[in-house]
2 protein chains.
Amino acid sequence: MGHSQAEKAATRERVLRITSRKIRAEGVTRPGIAELMNEAGLTHGGFYKHFRSRDDLITQAAAFALAEGTSKMERSARKNEEDPRAGLIEAYLAKQHRDAPATGCALVTLGAAAARGGQDVKEAYEKQVRTYLDLIAGLDDDREDARADAMVTLSALVGAVLMARAVDDPEFSDELLETVTARLSRHTSHDTDAAT
Amino acid sequence: MGHSQAEKAATRERVLRITSRKIRAEGVTRPGIAELMNEAGLTHGGFYKHFRSRDDLITQAAAFALAEGTSKMERSARKNEEDPRAGLIEAYLAKQHRDAPATGCALVTLGAAAARGGQDVKEAYEKQVRTYLDLIAGLDDDREDARADAMVTLSALVGAVLMARAVDDPEFSDELLETVTARLSRHTSHDTDAAT
DNA sequence: TGTACATCAGTGAACGCGCGTTCACTGATGTAC
DNA sequence: TGTACATCAGTGAACGCGCGTTCACTGATGTAC
């Protein structure tokens, strides 16, 4: 085999990435060390050359998963040049996102786990929330209360994906995503006039 | 001791209720059978007189937790007689709710678990979502698109509580809850006028 | 450029603990007479 | 109303498996000479 310093760093990151996906898809408790190492092409014994304990790995992998989200979303926002805010919302509430929790936004998949977790995980979670809020508020140029609007928008995005995944009827799940997409796209508060 | 038929039913429900709280607070994987039975005042051995397996208990406890939510929310909505919709939103986004996941809405705490769960859990989850939507849409009397509005509102409620719990800075958590409360209370779409 | 040696990523067997599940047993319940 | 007996909720010891962690070992890396 061989094992240079560069290879070690690569192995470490590979394990981190694999774990960050597994915990999003299956929760932070399920995947075992042997399983994770095997998927990285190694045996379980070498694990402790990279991480102090399972807990250490999970904590780092959670931070890894959380950090991954932003760049992804920035990219999807840029797809719709006329209305990047709508672009982001559509991408976030897309069925592909709902159906791919392993590579999806960790605010949804790791929310409950972070709530129970230690300070490290919560800090990573918060950082990710703040980044999203800045991103959304930044796209929402013309509004003065952009930050408040962004909080409602982000909450709705996260909640909608969470529920869309947990519901049994696929059509109902679709309806949820589509409805929230439509409502949020025209700004959380623009549309009115219908009532009153 | 003694054990009449009535006592058996009571025991069963006690275990279910305890478990429904534990899994909301600590996740569906953590609490063990011995621990749960002890908290119900029993030893672990009798467990299988009530449930087929740990999985069976968790599934039923999840459904139990989900079902509990609605009645609670209906009550809090009625607190504010002038504007029951605002009453519900304030109760849902209250700090007491954020700080008491064990007895709080299971749509938040069990969302990720339900997404990974079997059909039974997903059906229970969906039922609860539908009940909430009906409740919110019902309170939102004067709007024709009440159902769509309810979907956005519920998504934002669930997402906001999930994030408020997972974030590290308590002040930021408070801000999130307060901001979303203020924004949602005046109807998701009524307020406008600020922009454009 | 070549040789000897220390380092250390990765291997795989072994350990030990926690926990879900099983089982023989107990004693109160409640039914049959 | 009282007595004998079957039922079964609850007990606690024991089992066994999975899994996190440890450890002696291997062999390639990369440094010293």
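Letters go in sequence order (proteins before strands), and every chain restarts at 1.
- We find that CG of A/Asp56 is positioned 14 Å from C1' of D/dG20, with the value rounded to whole Å.
- Distance, A/Glu7 CD to C/dC8 C1': 13 Å, rounded to whole Å.
- A/Arg54 has its CZ atom 16 Å from the C1' atom of C/dC17, to the nearest Å.
- Taking every side-chain heavy atom of A/His44 into account, C/dG12 is the closest of C/dG12, D/dA13, C/dG10.
- With D/dT21, C/dA9, C/dG12 as the candidates, the nucleotide lying closest to the side chain of A/Tyr48 is D/dT21.
- Under 4.0 angstrom from either OP1 or OP2 of C/dA9 there lies at least one side-chain N or O belonging to A/Lys8.
- When heavy atoms are screened at a 4.0 angstrom cut-off, A/Gly45 is found touching base atoms of the nucleic acid.
- Cation-pi geometry between A/Arg130 and B/Phe172 is met: the NZ or CZ atom falls under 6.0 Å from the ring centre, inside 45° of the normal.
- Between the CD1 atom of B/Ile58 and the P atom of C/dC19 there is a distance of 13 Å, given to the nearest Å.
- The partner of C/dG30 is D/dC5, judged by Watson-Crick or G-U wobble contacts that both fall below 3.5 Å.
- With 3.5 Å as the limit, one finds no donor-acceptor pair spanning the side chains of B/Arg52 and B/Gln60.
- The shortest side-chain heavy-atom distance between B/Tyr92 and B/Val158 falls under the 4.5 Å cut-off.
- Toward the 5' end of DNA chain D, the nearer of the two residues B/Met37 and A/Pro31, judged by each one's closest nucleotide, is B/Met37.
- Checking D/dC17 for Watson-Crick or G-U wobble geometry (two distances, each under 3.5 Å) identifies C/dG18 as its partner.
- Checking the phosphate oxygens (OP1, OP2) of C/dG10, a side-chain nitrogen or oxygen of A/Thr11 falls inside 4.0 Å.
- A sub-4.0 Å separation between OP1 or OP2 of C/dG10 and a side-chain N or O of A/His50 is present.
- The closest side-chain donor-acceptor pair between A/Arg183 and A/Thr179, if any, does not fall under 3.5 angstrom.
- When the P atom of D/dA13 is taken as reference, atom CZ of B/Phe47 falls 20 Å away, rounded to whole Å.
- Across all their heavy atoms, B/His97 and B/Val161 have their closest contact at ND1-CG2, 4.3 Å.
- Across the strands present, D/dT11 finds its partner in C/dA24; the criterion is a Watson-Crick or G-U wobble pair with both atom distances under 3.5 angstrom.
- The distance from atom CG of B/Leu36 to atom C1' of C/dG20 is 12 Å, rounded to the nearest whole Å.
- For the pair B/Asp55 CG and C/dC19 P, the computed distance is 17 Å after rounding to whole Å.
- Across the protein-nucleic acid pair, A/Lys49 atom NZ and C/dG12 atom C1' stand 13 Å apart, rounded to whole Å.
- Nearest to the side chain of A/Ser53, among D/dT11, C/dG12, D/dT21, sits D/dT21.
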